[in-house]
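Here's the structure we're looking at; comments come further down.
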Amino acid sequence: MNLVLLGPPGSGKGTQAERIAEEFNLKVFSTGNILRQLAKEETPLGRKIKEILRRGELVPEEIMAEILADFLAKEKREGILFDGYPRNLEQAKILTSHLEKLGGVSLAIYLKVRPEVVVKRLGSRRICPNCGAVYNLETKPPKRENVCDSCGSRLVQREDEKPAAIRKRLAVFERETLPVLEFFKKEGNLVTIDGEASIEAVYQEIKEEIKKLKIKN
Ligand code: AMP
């Protein structure tokens, strides 16, 4: 079973990916996490990626193709949960052909969240640059304004969660990733889930869809 999680930035893909992977024993391929890790490296590639992430644009295809090939070369088995990939039609086609011998994409799950909700969700996130703790000014505020509960450092906003970058990422999603939804719809394996529901409710719905899949096979 290979799953794809699709949705705009801030739709909860990462949160759901971790839980589903644990429940169904899947390996997560999170391009956002891999790229954020690479962006920390003081190398020409690291600096290039860091700048692209800051602007909220997509990382060029040749870099993404290599990241995917590296991952699949190590995995060589089905049971992968794709979080953040594919993000455009070209990647959808590359992924489909790579997975031909690994069982294909079993289900593409679209977490639907309206743009105004994304802006609010991401705009209120704050992180601790020292220990990595994540806060939300609306739903999980720190005890003291702008100060990390765990280590006392001053909280910051992620560069790609500042208003201009969020708008850019949303525009990229609409232009590049919406066609990917059509692609999976035509293949007959797209399901849409209301990503504005609670984390738990979204998780239960995803589980239901995966169970249906297992019954069918
Ligand atoms: P995410 O955490 O999935 O929202 O990804 C964060 C950022 O990483 C995105 O805004 C893009 O700049 C970059 N990125 C993630 N996945 C991809 C991908 N499949 N192709 C190109 N760029 C990506």
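Both counts, for ligands and for their atoms, begin at 1 and track the order of listing. Excluded from the calculations below are hydrogen atoms, water molecules and symmetry mates; all remaining heavy atoms, backbone and side chain alike, are included.
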Check: For the side chain of Thr177 and the backbone of Glu174, is there at least one donor-acceptor N/O pair under 3.5 Å apart?
Finding: no

Check: Asn146 side chain to Arg154 main-chain N or O, any donor-acceptor pair under 3.5 Å?
Finding: no

Using distance alone, decide if ligand 1 has a nitrogen or oxygen within less than 3.5 Å of any nitrogen or oxygen in [X].
| X | value |
| --- | --- |
| Val59 | yes |
| Asp160 | no |
| Gly84 | yes |
| Arg158 | no |

Check: How close does the nearest protein non-hydrogen atom get to atom 8 (O) of ligand 1, and which residue and atom is it?
Finding: Leu53 CD2, 3.2 Å

Checklist line | Protein residue, atom and distance nearest to atom 9 (C) of ligand 1, heavy-atom basis | finding: Arg87 NH2, 3.8 Å

Exercise: identify the closest heavy-atom pair between [X] and [Y]:
| X | Y | result |
| --- | --- | --- |
| Asp160 | Leu53 | CB-O, 3.3 Å |
| Val147 | Pro142 | O-CB, 3.2 Å |
| Leu155 | Pro129 | CA-CD, 4.4 Å |

What atoms of ligand 1 come closer than 4.0 angstrom to any heavy atom of [X]?
| X | value |
| --- | --- |
| Tyr85 | 19 (N) |
| Leu35 | 8 (O), 13 (C), 14 (N), 15 (C), 23 (C) |
| Thr31 | 15 (C), 16 (N), 17 (C), 19 (N) |
| Glu57 | 11 (C), 12 (O) |
| Arg169 | 4 (O), 10 (O) |

Margin query: For atom 6 (C) of ligand 1, which of the options Met64, Glu61, Gln91, Arg36 provides the nearest non-hydrogen atom?
Written below: Arg36

Notebook entry, point to check: Should we say atom CD of Glu116 is surrounded by more than 12 heavy atoms from elsewhere, each under 6.0 Å from it?
Noted result: yes

Next item on the list: Look at atom CD of Glu200 and say whether more than 12 heavy atoms of other residues, nucleotides or ligands are closer to it than 6.0 Å.
Entry: yes

Margin query: I need the Thr192 OG1 to Leu190 CG distance, nearest 0.5 Å.
Written below: 4.5 Å

